[in-house]
2 protein chains.
Amino acid sequence: MSSADAIQLAVSTVIFALRPHPESGRSTVWIPLVRRTRAPFEGEWALPGGWAEADESLSDTAARKLLETTAVAPTYLEQLYAFGELDRSPSGRVVSVAYWALVRPDQADAATEGENVRWFVADELPALAFDHNVIVDYALWRLRTKLEYSRIAHAFLGETFTITELRQVHEAVRQRPLDPANFRRQVESSPALVRTDEHVVGAAHRPARLYRYNTDVELADVGPLARLRKDPR
Amino acid sequence: MSSADAIQLAVSTVIFALRPHPESGRSTVWIPLVRRTRAPFEGEWALPGGWAEADESLSDTAARKLLETTAVAPTYLEQLYAFGELDRSPSGRVVSVAYWALVRPDQADAATEGENVRWFVADELPALAFDHNVIVDYALWRLRTKLEYSRIAHAFLGETFTITELRQVHEAVRQRPLDPANFRRQVESSPALVRTDEHVVGAAHRPARLYRYNTDVELADVGPLARLRKDPR
DNA sequence: CCAAAAGTGTTCGTACTACACCCATGC
DNA sequence: GCATGGGTGTAGTACGAACACTTTTGG
């Protein structure tokens, strides 16, 4: 028999939401962490996750653990990387399949927060348990990289949204201002956006048109992997 | 205790090399497959791989299995994806961490080939064991996508090479001809290429200048993951 | 001289940038 | 009217595509 039995398989998830920065007030990327209640790294902060289950797919485990610990249902969930170094955990050999998820602000607000679950600004984290700082850094890099060529920004927003709201998502994630005029043209020429006839009313300026996300277009191009969702194998 | 013990962890690798197509003679992408010698899928072709070992990192396992089965040492090795669906194997729950590798033609020529190991044109595969067709398709997609924005084409070539050789790698992978003049300018303006003073002699035309790969530049941008190689955790 | 591939120059179209300017609303 | 953000116009620039052209070798 193989020695695979000696390897523990875990699933962890980096959950991203946008909230105002406590000092600057500008929208920034936040993630929830859970405090470890047992060794190793007892008392330290770590990514939400748990052991993989034999009767559940890895992505299902990621989604379930995410829901259990933070009461959040993600609008986007993607596998990040399988971390398989030898010295990741002092308690033995653990391979962690990391996922990353995007949630809307209203989902994040409804999230449980308490002694053992707290939200942090993603770029200002304390030292985390295991190699979780590396995992978060990589997830942040993927988020920022992928935002530029995919449509994942929509996952931070509701059913309908204005171009300005979409731009603010990009500005928060990419941490720099974008030209409103040019941004508008870029995204409006994309087939992923559908204009509605509705407008936002009540603001002290010209009403902004509402847009909808075109669900015919995949949020992120994952290539042939999209097949897995419809036709596994 | 968790039920993680019931999950088998495997490592598989998609190995890419360039060779002439048997019919057209044009350079194309090939991969080696191994014939399974036991159930499930006995007698069918599958990706080289094996069980993860408790005392070996996942990437080391991928490199070792690759060497054992095909006697090839890759010039590039990258993790592809962790396949964790429930019904992947009829023999029980198996999670496979897939890798993909690039090898040079001379390495591929030296590779063992026999009754149980054979090279195939990557785009003309038979039905493979497990979900390995999906894995190969995804690896091919990643190779083709990544070739356009990374420097991985160099991994198919030797120490020094001509611009034309580099272009032929791109043409083989991307399956379309590229303008020699424009291709030359594009890659020559990149810092990843270093001109040497050597030239190829003996050809019935103007001698081509040899270039070298600038090792200061990472082959592929993997973001903060590059840290793992120097400073794990 | 000719063939063949190496290498250079030039034109064209597209797409992103910067920034000026007009539009529609609340107060 | 005035402030505010929504939305349009436009000139400059960078870059890739297409392709004509020159260079340097072997035969």
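Naming convention: chains lettered A, B, ... in sequence-line order (proteins, then strands); numbering from 1 in each chain. What's counted below: heavy atoms across the whole structure, side chains too, no hydrogens, waters or symmetry copies.
The residue A:Ala203 sits close only to the backbone: its heavy atoms come under 4.0 Å of sugar-phosphate atoms, none of a base. Within 4.0 Å (heavy atoms only), B:Thr164 reaches sugar-phosphate atoms of the nucleic acid but no base atom.
With hydrogens and angles ignored, the 3.5 Å screen pairs no side-chain donor or acceptor of B:Thr13 with any backbone N or O of B:Ala63. Of the possible donor and acceptor atoms, one in the side chain of B:Glu171 sits under 3.5 Å from a partner among the backbone N and O of B:Leu178. Panel note: side chain A:Ser27, backbone A:Leu18; no donor-acceptor pair is recorded below 3.5 Å. Proximity of a side-chain donor or acceptor of B:Arg209 to a complementary backbone N or O of B:Thr196 within less than 3.5 Å is detected.
Taking atom OH of B:Tyr149 as the reference point, atom P of D:dG16 lies 17 Å away to the nearest angstrom. Between the P atom of C:dG7 and the CZ atom of B:Arg167 lies a distance of 11 Å, rounded to the nearest Å. Distance CZ (A:Arg206) to P (C:dC21): 18 Å, rounded to an integer number of Å. Atom pair B:His199:NE2 and C:dG7:C1' shows a separation of 11 Å (rounding to whole Å applied). Residue B:Leu178 contributes atom CG, which lies 8 Å from atom P of D:dA17 at whole-angstrom precision. Remark: C1' of C:dT8 and CZ of B:Arg195 are 12 Å apart, rounded to the nearest angstrom. Computed from coordinates, the A:Asp179 CG to C:dC19 P distance equals 9 Å when rounded to whole Å. At whole-Å resolution of the value, CZ in B:Arg174 and C1' in D:dA17 are 13 Å apart.
When each of B:Ile163 and A:Pro207 is assigned the nucleotide of DNA chain C with its nearest heavy atom, B:Ile163 is the one assigned upstream, toward the 5' end. Nearest-nucleotide positions on DNA chain D place A:Arg209 closer to the 5' end than the other of B:Gly202 and A:Arg209.
The side chain of B:Arg184 places an N or O atom within less than 4.0 Å of a non-bridging phosphate oxygen (OP1 or OP2) of C:dG7.
Residues forming a side-chain hydrogen bond (donor to acceptor under 3.5 Å, both in side chains) with B:Glu124 (at least two apart in sequence, or on another chain): B:His21.
The side chain of A:His205 lies closest to D:dG5 when the candidates are D:dG5, C:dA20, C:dA6. The side chain of A:Glu188 lies closest to D:dT8, out of D:dT8, C:dA24, C:dA6.
More than 12 heavy atoms of other residues, nucleotides or ligands shown are found within 6.0 angstrom of CZ on B:Arg144.
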Write down the protein N/O and nucleotide N/O pairs, taken from nucleotides 11-17 of chain C, whose separation is under 3.5 Å; answer none if there are no such pairs.
residue, atom, partner, partner atom, Å
C:dT17, OP2, A:Gln186, NE2, 3.4

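The aromatic rings of B:His154 and B:Phe161 sit parallel to each other, their planes meeting at less than 30°, with 60° as the upper class boundary.
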